[in-house]
2 protein chains.
Amino acid sequence: MFTIKEIPKISEAEWSIMKVLWEKSPLTSTEIIQALKEVTSWSPKTIHTLISRLVKKEAIGEKKESRLKSFFPLVTEEECKSTETKSFLKKVYSGSLQMFIANFVKDEKLSQNEIEELKDILDGKKDS
Amino acid sequence: MFTIKEIPKISEAEWSIMKVLWEKSPLTSTEIIQALKEVTSWSPKTIHTLISRLVKKEAIGEKKESRLKSFFPLVTEEECKSTETKSFLKKVYSGSLQMFIANFVKDEKLSQNEIEELKDILDGKKDS
DNA sequence: AATACAATACTACACATGTAGTCCAAAGTT
DNA sequence: AACTTTGGACTACATGTGTAGTATTGTATT
């Protein structure tokens with residue numbers, strides 16, 4: 001039997017941790033704290049708390065090979081992005097990517113350049 | 001002096017109320033409850049609570065002309081969508097629409113038709 | 001070995017959110 | 001007029017989140 005993996009809800013602050021671990025893993029808490037030092041001003045204690053919560057949610061796993069625990073993602077970045085995107089589109093744009101893009105073009109005033117770039121991305125020529 | 005309007009944070013459930021009021025306003029709480037009956041299964045009490053919270057956040061206003069209060073948005077749909085979109089892009093895609101679209105194309109497997117439609121939208125031919 | 005430091009575990013605490021329930025007063029119903 | 005219903009104010013309560021602090025214990029240092 002397979003257990004279907006639920007994508008846990010990852011809060012704003014927790015996303016920062018996940019990003020670090022998706023970038024490189026496994027990492028010890030100290031390493032995570034180091035990496036985040038450049039991006040946030042959280043106390044190490046706060047980061048420890050966030051890590052524990054992610055472990056509890058089973059978004060990341062821990063292993064203890066040496067005497068230090070290290071942590072690694074249990075969910076992929078793609079899964080999380082996809083889940084997050086769907087819930088955002090549902091909440092704000094009735095689930096419609098079209099509506100999202102249309103509004104974005106209208107309200108955020110994309111430049112012609114950006115529009116061309118996006119069209120290229122849509123065509124799969126996604127260098128830029 | 002102008003007071004700069006802060007866009008308050010609007011929770012998932014509160015968005016449902018806002019959508020109703022953006023659609024048509026002012027409405028009394030009873031009318032809001034009616035409108036939401038078709039979409040949710042919330043108790044009227046729950047809806048009253050959500051309405052009060054939105055008033056407190058100054059996302060909606062209230063006026064009492066007849067004996068019943070009626071409610072109306074104080075923030076526009078565009079403002080809220082824009083705020084929400086930015087915070088989503090920041091959290092998940094480092095603020096980059098390009099990255100978002102690229103990932104979406106890759107992971108959500110858009111059909112050729114959808115891609116063409118999006119390109120039309122980007123070009124401003126947004127009937128469809 | 002004793003001490004200091006640091007990793008992990010456990011606790012704290014206010015505010016947000018989902019989801020209602022209670023109480024009171026005004027309005028409509030019999 | 002008494003009774004019922006309902007809007008609105010206030011209260012409730014578990015869980016999530018941001019943001020740490022304390023306690024314990026094993027390791028590193030002198």
Side-chain angles (χ1 to χ4, degrees), chain A residues 6-21 26-37 39-72 80 83-84 87-88 90-92, chain B residues 6-21 26-37 39-72 80 83-84 87-88 90-92:
Chain A
E6 298 276 318
I7 306 295
K9 300 218 178 306
I10 295 171
S11 81
E12 175 108 24
E14 290 162 356
W15 263 85
S16 309
I17 313 266
M18 294 307 293
K19 280 180 182 166
V20 170
L21 288 176
L27 294 179
T28 66
S29 59
T30 312
E31 291 167 320
I32 296 174
I33 288 165
Q34 274 312 310
L36 285 173
K37 207 160 232 169
V39 190
T40 73
S41 52
W42 295 331
S43 128
K45 297 300 190 183
T46 300
I47 297 177
H48 280 300
T49 302
L50 293 172
I51 292 175
S52 311
R53 288 181 183 165
L54 284 169
V55 170
K56 189 155 164 211
K57 288 181 183 185
E58 298 182 282
I60 67 181
E62 55 186 359
K63 58 185 170 193
K64 188 168 180 160
E65 309 168 317
S66 66
R67 84 208 54 75
L68 294 191
K69 279 188 179 178
S70 49
F71 303 90
F72 51 91
C80 288
T83 300
E84 202 69 50
S87 104
F88 160 74
K90 172 155 171 273
K91 175 166 91 168
V92 182
Chain B
E6 297 277 316
I7 305 294
K9 298 215 180 310
I10 294 172
S11 79
E12 173 108 25
E14 290 163 355
W15 263 85
S16 308
I17 313 266
M18 294 307 292
K19 280 181 182 167
V20 169
L21 287 175
L27 294 179
T28 65
S29 58
T30 312
E31 291 169 318
I32 296 175
I33 288 164
Q34 273 312 309
L36 285 173
K37 208 159 233 173
V39 190
T40 73
S41 52
W42 295 332
S43 125
K45 294 303 188 181
T46 299
I47 297 176
H48 278 300
T49 301
L50 294 171
I51 291 175
S52 312
R53 287 182 183 165
L54 285 168
V55 170
K56 188 156 164 210
K57 289 181 182 183
E58 297 183 285
I60 66 180
E62 55 186 359
K63 58 186 169 189
K64 187 169 180 160
E65 309 168 317
S66 66
R67 45 171 242 85
L68 293 190
K69 280 188 176 177
S70 50
F71 303 90
F72 51 91
C80 288
T83 299
E84 201 70 48
S87 105
F88 160 73
K90 172 154 171 273
K91 175 168 90 169
V92 180

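Reminder, nothing fancy here: chain letters follow the sequence lines and each chain counts from 1.
D:dG7 atom C1' lies 13 Å from atom CD of B:Glu31, rounded to whole Å. Residue B:Glu12 contributes atom CD, which lies 13 Å from atom P of D:dT17 at whole-angstrom precision. The distance from atom CG of B:Leu68 to atom P of C:dA26 is 14 Å, rounded to the nearest whole Å. Across the protein-nucleic acid pair, B:Leu54 atom CG and D:dG8 atom P stand 15 Å apart, rounded to whole Å. To the nearest angstrom, C1' of C:dG18 lies 16 Å from CD1 of B:Ile10. Rounded to an integer number of Å, the gap from CD1 of A:Ile47 to P of C:dT8 is 13 Å. Across the protein-nucleic acid pair, A:Glu14 atom CD and D:dG18 atom C1' stand 10 Å apart, rounded to whole Å. Whole-Å rounding puts the A:Leu36 CG to D:dA20 C1' distance at 16 Å.
Considering only the side chain of A:Thr49, D:dT19 comes nearest among C:dT8, D:dT17, D:dT19. Listed nucleotides: C:dT8, D:dG8, D:dG18. Nearest to the side chain of A:His48: C:dT8. The nucleotide whose nearest atom lies closest to any side-chain atom of A:Leu50 is, among D:dG18, C:dT17, D:dG7, D:dG18.
Checking the phosphate oxygens (OP1, OP2) of C:dA20, no side-chain nitrogen or oxygen of B:Trp42 falls inside 4.0 Å. Residue B:Lys9 places no side-chain N or O under 4.0 Å from the OP1 or OP2 atom of D:dG18. Contact annotation: A:Thr28 side-chain N/O to C:dA7 OP1/OP2 distance is not under 4.0 Å. Using a 4.0 Å cut-off, no side-chain N or O of A:Ser52 falls inside it from OP1 or OP2 of C:dC10. For the OP1/OP2 pair of C:dA7 and a distance below 4.0 Å, the side-chain nitrogens and oxygens of A:Thr30 include at least one atom meeting the criterion.
A salt bridge does not link A:Glu14 with A:Lys9: none of the charged nitrogens is closer than 4.0 Å to a carboxylate oxygen. Remark: A:Lys91 engages B:Glu84 in a salt bridge, criterion side-chain N to carboxylate O under 4.0 Å.
Using a 4.0 Å heavy-atom criterion, one finds that B:Lys57 contacts the sugar-phosphate atoms exclusively. Contact annotation for A:Ser43: backbone-only contact, meaning every heavy-atom pair under 4.0 Å involves sugar-phosphate atoms and none involves a base. When heavy atoms are screened at a 4.0 angstrom cut-off, B:Ser29 is found touching the sugar-phosphate backbone but no base atom.
Along DNA chain C, the nucleotide nearest A:Arg53 and the nucleotide nearest A:Arg67 are compared for position; the residue whose nucleotide lies closer to the 5' end is A:Arg67. Heavy-atom distances to DNA chain D give each of B:Lys64 and A:Ala13 a nearest nucleotide, and the one nearer the 5′ end belongs to B:Lys64.
Remark: the B:Lys45 side chain and the C:dT22 base include a donor-acceptor N/O pair separated by less than 3.5 Å.
Judged purely by atom type and a 3.5 angstrom limit, A:Ser41 has no side-chain atom pairing as donor or acceptor with the backbone of A:Lys37.
Among all heavy-atom pairs drawn from A:Ile60 and A:Met18, the shortest one is CG2-SD, 3.4 Å.
Here the CD1 atom belonging to A:Ile17 is positioned 5.0 Å from the CG atom belonging to A:Leu36, to the nearest 0.5 angstrom. Rounding to the nearest 0.5 Å places CZ of A:Phe71 at 5.0 Å from CD1 of A:Ile51.
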